[in-house]
Amino acid sequence: MTPQEVVSFAKENGALMVDFKFMDFVGTWQHISVPITEFSEDTFEEGQGFDGSSIRGWQPIHASDMILLPDPDTAKMDPFVAVPTLSLICNVFDPITKEDYTRDPRNIARKAEAYLKSTGIGEIAFFGPEAEFFIFDEVRYDSSSNQSFYMVDSVEGAWNSGREEFPNLGYKPRHKEGYFPLSPTDSQNDLRNEMVMELQKVGIRVECQHHEVATGGQAEIDMRFSSLVDMADQLQWFKYVIKNVAYRNSKTVTFMPKPLYGDNGSGMHCHQSIWKNGQNLFAGDKYGGLSQMALWYIGGIIKHAKALCAITNPTTNSYKRLVPGFEAPVNMAYSSRNRSASIRIPMLSTNPKAKRIEYRTPDPSCNGYLAFAAMLMAGLDGIENKIDPGQPLDKDIYGLSPEELKDIPSAPGTLEDALNALRDDHEFLLKGDVFTPDVIEKWIEYKMEAEVNPVRMRPVPLEFALYYDI
């Protein structure tokens, strides 16, 4: 839409408020709302001011003034606000430098798309994330100097098979047996259908929905792939819609990767391909029906995998899922059909347009703008430098011996390891000014100070069970 069309769209839909949404540095959607009387075509040039010092990882207090510039193509009516509200996703602008703000994740994603075009390699990068999540009935947690606990609960949880529920009717998926059961074992089908209906209302094309492997309400709703920035926008709407539908049904949703011990965590498998002149450049006559370009792209992902994890798996909790020998793909190998490899080549269609790679290591705690941009930059580095991904591994990697695994690179074991890898390997992200040195430095600094060190210094309940009586 043009700015004029957005103003008309707002009037046609009876909008009384305008909501400006933007992504903070860490990966949480933020917003500010204004009455429709304060909104006009000029807003798209003048923007909306806000305090950048109050946003995590952004401006110091003595340089706090920032501007939100709404993108007219993102105009939608927000389905969860009581007062009719026009929603616009914004880019962040620095009023002093008169440039897009370097630490705005959406600006980084936009620069990644521009860099792809500047290389001449391709015109558009498509991404299709599968963001898994848990639906719980209750969550409680607290941490102080003398106590710490968390508790999540679900009527579906296998741990509730003996609970008095007046009556307890059973039908609770056992651990690792939640994949595709019918109701009444799958008690959340209607809720997921409601989520699908709301996602479609905001323009998201949904391919399917289903219960996932874990007990306690693990779920997956798959979106149709789209271009990098648009897909990152959709991922934010996806999380927003799913959380709000759950909330109005007295449920709670989390995208943290590993909320349950002893069962599958939530991943975000990312399907990727590059196109030019309407042609899929990843389709070819090499292994798995891929092109040589696609194999080089895989080589770039594998080469930079440890550094990528600092962005695609950006929480300390991410590494409770990425444990060798369990369900998450930590071994950096590629294979067709093989879900134990970190990079899978889906073989579900013979149509060249469907040829793509699926990177299975990322999880849904990531900032989609940063994660998609980083993966694209790693893949482009592989193409530009013709990085050989090595031989495919068409075996069950979980069953390989230590001797067979010793030459296969793996994901980092902790967030700190991943951040150290990013510190040592980030030149590929700096090409085209997509990521800038201040972004890399601030990301590492913030993650170490706000997450790694606080988690590292706190006792956890299991340590009392292990060591209190020593």
Side-chain angles (χ1 to χ4, degrees), residues 1-23 27-33 36 39 41 43-44 68-91 105-106 109-110 113 124-133 191-210 219-248 253 255 268 270-273 275 353 364 367-369 371-373:
M1 286 195 242
T2 64
Q4 183 180 18
E5 288 170 336
V6 173
V7 172
S8 298
F9 174 79
K11 290 179 180 177
E12 290 167 6
N13 286 276
L16 300 177
M17 298 291 292
V18 181
D19 197 54
F20 299 112
K21 295 178 171 69
F22 65 99
M23 181 66 111
T28 301
W29 238 7
Q30 311 285 353
H31 78 124
I32 180 173
S33 297
I36 194 70
F39 177 71
E41 292 179 47
T43 307
F44 292 91
L68 296 174
L69 289 176
D71 182 340
D73 285 336
T74 66
K76 304 178 190 295
M77 294 301 292
D78 192 311
F80 296 103
V81 184
V83 172
T85 298
L86 173 71
S87 173
L88 289 160
I89 299 177
C90 300
N91 302 309
R106 194 169 192 268
R110 291 165 65 213
E113 285 191 324
I124 186 167
F126 284 120
F127 281 80
E130 301 174 10
E132 298 167 344
F133 55 96
L191 181 61
R192 293 194 306 272
N193 283 340
E194 185 179 339
M195 292 171 177
V196 170
M197 296 302 105
E198 293 294 350
L199 287 167
Q200 291 177 325
K201 286 180 184 177
V202 296
I204 294 177
R205 183 174 171 184
V206 176
E207 294 186 327
C208 68
Q209 63 87 354
H210 59 84
E220 181 175 318
I221 299 176
D222 290 336
M223 297 177 282
R224 180 76 169 177
F225 66 87
S226 190
S227 58
L228 191 156
V229 173
D230 184 60
M231 194 71 250
D233 288 344
Q234 288 192 45
L235 181 59
Q236 288 312 113
W237 272 109
F238 179 83
K239 291 183 175 182
Y240 177 70
V241 167
I242 284 171
K243 288 178 180 179
N244 277 282
V245 170
Y247 186 77
R248 76 185 182 195
V253 158
F255 288 91
M268 191 179 78
C270 292
H271 298 256
Q272 305 168 47
S273 61
W275 289 57
K353 292 183 177 180
N367 180 329
Y369 297 102
F372 299 160

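Below, each value reflects all heavy atoms present in this structure, side chains not excepted, and no hydrogens, waters or symmetry copies.
Atom-to-atom distance recorded for L228:CG and D233:CG is 10.0 Å, nearest 0.5 angstrom. Between atom CG of residue L16 and atom OG1 of residue T85 there is a gap of 7.5 Å, rounded to the nearest 0.5 Å. Note that the CZ atom of F372 and the CG atom of N367 stand 9.5 Å from one another [nearest 0.5 Å]. In this structure, CD on E207 lies 5.5 Å from CZ on R224, to the nearest 0.5 angstrom. Here the straight-line distance linking atom CE of M231 with atom CZ of F126 works out to 11.5 Å at 0.5 Å rounding. Once rounded to the nearest 0.5 Å, the distance linking CE of M23 with NE2 of H31 reads 14.5 Å.
Contact record, M268 with P364: CB-N, 3.6 Å, taken as the closest heavy-atom pair. In terms of heavy-atom proximity, C90 sits nearest to F22 at O-CB, 4.1 Å. Residue I124 comes nearest to S227 through the heavy atom pair CD1-CB, 3.7 Å, listed as atom of the first residue, atom of the second, then distance. Of all non-hydrogen atoms in Q236 and G27, the two that sit nearest each other are NE2-O, 4.2 Å. The minimum heavy-atom distance between P84 and G14, with the atom names listed, is CB-O, 3.3 Å. Between A109 and A373, the shortest heavy-atom contact is CA-CB, 4.2 Å.
With a 4.5 Å cut-off on side-chain heavy atoms, Q234 and F127 do not count as touching. Looking at N13 and L86, their side chains never come closer than 4.5 Å, going by heavy atoms from C-beta outward. Side-chain atoms of F39 and V6, non-hydrogen and from C-beta on, do get closer than 4.5 Å to each other. Counting heavy atoms from C-beta on, the side chains of F80 and V241 come closer than 4.5 Å. By the 4.5 Å heavy-atom criterion applied to side chains, K239 and W29 are not counted as neighbours. No side-chain heavy atom of H271 sits under 4.5 Å from any side-chain heavy atom of F225. You'll find the side chain of Y369 stays beyond 4.5 Å of the side chain of L235, heavy atoms only. At a threshold of 4.5 Å between non-hydrogen side-chain atoms, the residues P79 and V202 count as touching.
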*Go through the steps to decide whether D222 and E220 satisfy the test side-chain contact (heavy atoms from CB on, under 4.5 Å), and finish with yes or no.*
CA-CA 6 Å; D222 290 336; E220 181 175 318; 2.6 Å; yes
*Start with the C-alpha distance between R106 and I89, add both sets of side-chain angles, then the distance that settles side-chain contact (heavy atoms from CB on, under 4.5 Å), and finish with yes or no.*
CA-CA 9 Å; R106 194 169 192 268; I89 299 177; 3.5 Å; yes
*Take F44 and T2, measure what side-chain contact (heavy atoms from CB on, under 4.5 Å) needs, and give me the verdict at the end.*
CA-CA 10 Å; F44 292 91; T2 64; over 6 Å; no
*Can you list the steps and then say if K76 with T74 is a side-chain contact (heavy atoms from CB on, under 4.5 Å)?*
CA-CA 6 Å; K76 304 178 190 295; T74 66; 6.0 Å; no
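A donor-acceptor distance shorter than 3.5 angstrom exists from the side chain of D73 to the backbone of M1, with no hydrogens or angles considered.
Under the 4.0 Å criterion applied to side-chain N and carboxylate O atoms, E198 and K201 are assigned as salt-bridge partners.
Among I204, V206, V245, I242, the one residue that satisfies the side-chain contact (heavy atoms from CB on, under 4.5 Å) test with V196 is V206.
For CD of Q4, the number of neighbouring non-hydrogen atoms (other residues, nucleotides, ligands) closer than 6.0 Å is 12 at most. Within 6.0 Å of atom CZ in R205, 12 or fewer heavy atoms from other residues, nucleotides or ligands are found, so the atom counts as exposed in its surroundings.
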